[in-house]
Amino acid sequence: MCGIVGIVGQTPVAPLIVDALKRLEYRGYDSAGVATVEKGELSRRRAEGKLVNLERRLEAEPLSGTIGIGHTRWATHGVPNETNAHPHFADEVAIVHNGIIENFAELRDELKRDGYVFQSQTDTEVVAHLIARELRGGAQPTEAAHNALKRLQGAFALAIMFKGDDDLIIGARNGPPLAVGHGQGEMYLGSDAIALAPFTNSITYLEDGDWAVVRRNKVQIFDIDGNPVKRQRQRSVGTSYLVDKGNHRHFMEKEIHEQPEVISHTLAHYLDFTSGKTREMDLPFDFAKLDRIAISACGTAYLAGLIGKYWFERYARLPVDIDIASEFRYREMPLGKKSAALFVSQSGETADTLASLRYCRSEGVPIGAIVNVRESTIARESHVTFPTLAGPEIGVASTKAFTCQLSVLASLAVRAAAERGTIDEGEEKRLVRQLSEAPRFASQVLKLEEQIEKVARELAKVNHVLYLGRDTSYPLALEGALKLKEISYIHAEGYAAGELKHGPIALIDENMPVIVIAPHDRIFEKTVSNMQEVAARGGRIILITDEAGAARAGIETFETIVLPDTPEFIAPIVYALPVQLLAYYTAVQMGTDVDQPRNLAKSVTVE
Ligand code: M6R
């Protein structure tokens, strides 16, 4: 989950590398570093913490080399300090790495026996020493790198540079993404095309097992056996944006506020509001012939999938198996001929989701991916991509990507229902019309910010929070708890409201805020019973509902947040917003780093 960059340039590259790393900081921000070759020697600057610390370091002690590699880290092996920051050096070799070398302990022992001394606790350093040992044995740099690559097990994207050669970077990929950028007399390597967007939009994506010899005027790509391979060069649509926060304090706040617009864009991609029907889709499967969909994803994207399950099953009568991708990938689920698989991912790079996708591909199942980054690996390896039109999501906490994922899933569920004949044309039009209203309802929810901020001031005083919901509000309860934990560091649990009495009710006392997500729907009365159980034990209830729900709850709440009267079908999209705002304002109140919370990264490319 680190970000890596390499540039073989014409002018000093350190500032360009830092610029590219800024676009990759979403992948990790525990430490950062740059190395260049200057007058034949390897030089580096590294700093613990965010990129801004490295920038300060470089201002004080600039690097002048015209070839360099850079890294922004999310720690896996070894604490986030300067010693463990990349680039790592061994003799004549400098290296940056994203991923995990699974056999590093065995390799390290072997290298130690040969007298190699390790400076860091990272798995990466073994790769540098392996190459250095090859060089000592007389191998040329490309041969040395190739020999070392063959010894590695695990997931890696690497950029390798050599003392005394200011026209060579070797890139290698096995798992995490790596893109080669082609310039005029300059070449680039980057974890994604967006990192390279200010320099070039001519991109070649390496495939697993590929390694590339990158020089100013030439790039050669080889497979793991050393055979030259051709990989297609493509025009990247990645823009050289460095999006700013506008008038907002945080990206998360900005992204929450963008939702009415991006939900609307996303829905318009799938729905024809004039005819009131879903748009035609070119699919690798026939919804009418499927007997099941397997959905797999991680974190918030998984919770979007969980809501999708309710929709596919309810409207299209299509059974859905939903799994957390890290479980799915090892569970060897049998997938029949009438199955399709759907993967949900904002980044399109999440390692576990990608591994699950590859499992399904190996089983011969048609694959669809709901992704926000259209050029991502998951998008490229799917048979069909369902884009979310959320725009770049910078805040680590997923907000607008989540509601756009819901918008896509809802649209697909309607399409599936229409194709399977489980709804008639009138019902299709009714559901499409309801979806078209989601952006307007979302705008109305944003007007409740002041009240939500007031509730957040109370939440910021507690150590534990419980979220409850039924039906599609149950995954939202899980999402509320995830969001709160993630950015405020307050412990939170989400539960299906009906499950309360099977254990978690023991937690309830007057210190436990219980956030109940309960639109006035078919099962509202059932949720009211669960609220009664909480109230009877002194729990402080914060009820998120609508006018009818507020009127009929009949319970004294600590606070009731009244949302617009929303059709049941689209309620999860609309009710996601107060849940996000509650977490956001609580985190602001706690003074945490909202956009880059501790220990996290936006894109999780390790398992
Ligand atoms: O990029 P992805 O959507 O695949 O990421 C999946 C999760 O890592 C992500 O949703 C995570 O749970 C969010 N940070 C939660 O806000």
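Counting starts at 1 for both ligands and their atoms, in listed order. Sequence positions, counted from 1, serve as the residue numbers for this chain.
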query: Going by atom types only, do His257 and Glu449 share a side-chain donor-acceptor pair under 3.5 Å?
result: yes
field: Donor-acceptor side-chain pairing of Gln451 and Glu559 below 3.5 angstrom
entry: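 Yes, Glu559 and Gln451 have a side-chain donor paired with an acceptor closer than 3.5 Å.
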Backbone or side chain, does any N or O of [X] fall under 3.5 Å from an N or O of ligand 1?
| X | answer |
| --- | --- |
| Gln405 | no |
| Val396 | yes |
| Lys602 | no |

message: Yes or no: does Ala397 have any heavy atom under 4.0 Å from an atom of ligand 1?
response: yes
query: Is Thr353 near ligand 1, meaning one of its heavy atoms is under 4.0 Å from it?
result: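 Heavy atoms of Thr353 never come under 4.0 Å of ligand 1.
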- request: Can you sort out which atoms of ligand 1 are near Ala301, meaning under 4.0 Å from one of its heavy atoms?
  value: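 Matching atoms, with element in brackets: 3 (O), 10 (O).
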statement: For Ser345, the atoms of ligand 1 under 4.0 Å from one of its heavy atoms are 1 (O), 2 (P), 3 (O), 4 (O)
Okay, side chain of [X], backbone of [Y]: is any donor-acceptor separation there less than 3.5 Å?
| X | Y | answer |
| --- | --- | --- |
| Glu25 | Lys22 | no |
| Gln596 | Val396 | no |
| Lys309 | Asp321 | no |

- prompt: Could you go step by step and tell me if Glu393 and Ser398 meet the side chain to side chain donor-acceptor pair (under 3.5 Å) rule?
  reply: CA-CA 7 Å; Glu393 191 179 65; Ser398 191; 3.1 Å; yes
Quick test: of every protein heavy atom, which one is nearest to [atom], and how far off is it to 0.1 Å?
| atom | answer |
| --- | --- |
| atom 7 (C) of ligand 1 | Cys298 O, 3.6 Å |
| atom 14 (N) of ligand 1 | Glu486 OE2, 2.6 Å |
| atom 3 (O) of ligand 1 | Gln346 N, 2.6 Å |
| atom 8 (O) of ligand 1 | Val604 CG2, 4.0 Å |
| atom 1 (O) of ligand 1 | Ser347 OG, 2.6 Å |

Partners passing side chain to side chain donor-acceptor pair (under 3.5 Å) against Ser191 (at least two apart in sequence or in another chain):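 For Ser191 there are no side chain to side chain donor-acceptor pair (under 3.5 Å) partners, ignoring immediate neighbours.
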query: Who are the side chain to side chain donor-acceptor pair (under 3.5 Å) partners of Thr388, not counting sequence neighbours?
result: Asn372
- prompt: Should one rank Thr350, Leu303, Thr300 by closest heavy-atom distance to atom 4 (O) of ligand 1, which comes out on top?
  reply: Thr350
- request: Please assess Ser31 against Glu48 for the test side chain to side chain donor-acceptor pair (under 3.5 Å), listing each intermediate value before the final yes or no.
  value: CA-CA 4 Å; Ser31 64; Glu48 187 179 328; over 6 Å; no
field: Region of Lys483 that comes within reach of ligand 1 [heavy atoms, distance under 4.0 Å]
entry: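 For Lys483, the contact with ligand 1 is made by the side chain alone.
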